Structure formats: structure tokens, C-alpha cells
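What you see is a predicted model; the values in this text were computed from it and never measured.
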Amino acid sequence: MKRRRPYPAPAADPASANFVRGFVATGLLAALPSGAASTTAPNAGKAILRQALQGGIALAAGGTAAGALQRRDYRTALMAVTSGAAAVVAVDYLLRKPARKDNKEKALGQEKA
């Protein structure tokens, strides 16, 4: 009987691996009680998620930019930093936005004065 060789693990994309590292590390740091968001606050989970996503994005963009600078690929480095900054701002905007806005109409469909 032939022995089967195990398939080699697929090589992880450096940007995605850096994102996961940054997401986990920042999420753990944000979840500490001494962090910016107290774990007893009503929106603590949302704040921890926001910080973890931003940390993952920042680490992925920084790793991509560092690799591009080592290869002297300045265009890719600039794009990594720019897109990373835009993604961090987008996450901040999307997760700070209130879940729903209060409807200013009364039950009968008339607006409040």
C-alpha cells in the first residue's frame, strides 16, 4: 500500500497574514480593562471590534509598504499607505455611526414640532 504524502499547506498571502496578526493582537489589547474601552460599557464589543479591525488594517498596510520599499517599488508603497489610511477611516466611520436614527414622526405620521 502506498503512503500518501500530506498536501503542503498553502502559502499565506503576507498581507492577509499580517491582517490576522494585527487583528488578533489589537483585539486582545483593546479587550484589556485598562484599554480605551471598558469591557462593561454598553458598546464595548463594538469599540473592541473597531480597534481590532483598524489594527489589522494598519499592520497589513504597513507590512505591504515595508516590503514594497525593500523592493524599491515606491508606487506600491504609496498605494498601500493610502489605501490603509482610507480603510482605517472607513472602519471608524462605519462603526461609530449610530445604528439607527430616531424617527421624528409621531405615531399618526405627523412630524414633531
Run the side-chain donor-acceptor check on residues 65-72: report pairs under 3.5 Å with partners two or more places apart or on a different chain.
| residue | atom | partner | partner atom | Å |
| --- | --- | --- | --- | --- |
| R71 | NH1 | G67 | O | 3.1 |

Donor-acceptor pairs are to be reported for all side-chain atoms of residues 81-89 against protein atoms at under 3.5 Å, with residues two or more places apart or in another chain.
| residue | atom | partner | partner atom | Å |
| --- | --- | --- | --- | --- |
| T82 | OG1 | L78 | O | 2.8 |
| S83 | OG | M79 | O | 2.7 |
| S83 | OG | A80 | O | 3.3 |

With the 4.5 Å side-chain cut-off for hydrophobic clustering, are L59 and I57 part of the same group?
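No.
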State plainly whether one hydrophobic cluster holds both F19 and L95, where clusters connect Ile, Leu, Val, Met, Phe, Trp and Tyr through side-chain heavy atoms under 4.5 angstrom apart.
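Per the 4.5 Å side-chain linkage, F19 and L95 are co-clustered.
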With salt bridge (charged side-chain N to carboxylate O under 4.0 Å, His left out) as the rule and sequence neighbours excluded, what pairs involving residues 47-56 come up?
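For residues 47-56: R50-D92.
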Point-to-point distance, once rounded to the nearest 0.5 Å, from CG of L53 to CG of L94
10.0 Å
Just grab all the side-chain hydrogen bond (donor to acceptor under 3.5 Å, both in side chains) pairs involving residues 20-30, residues at least two apart or on different chains.
N18-R21
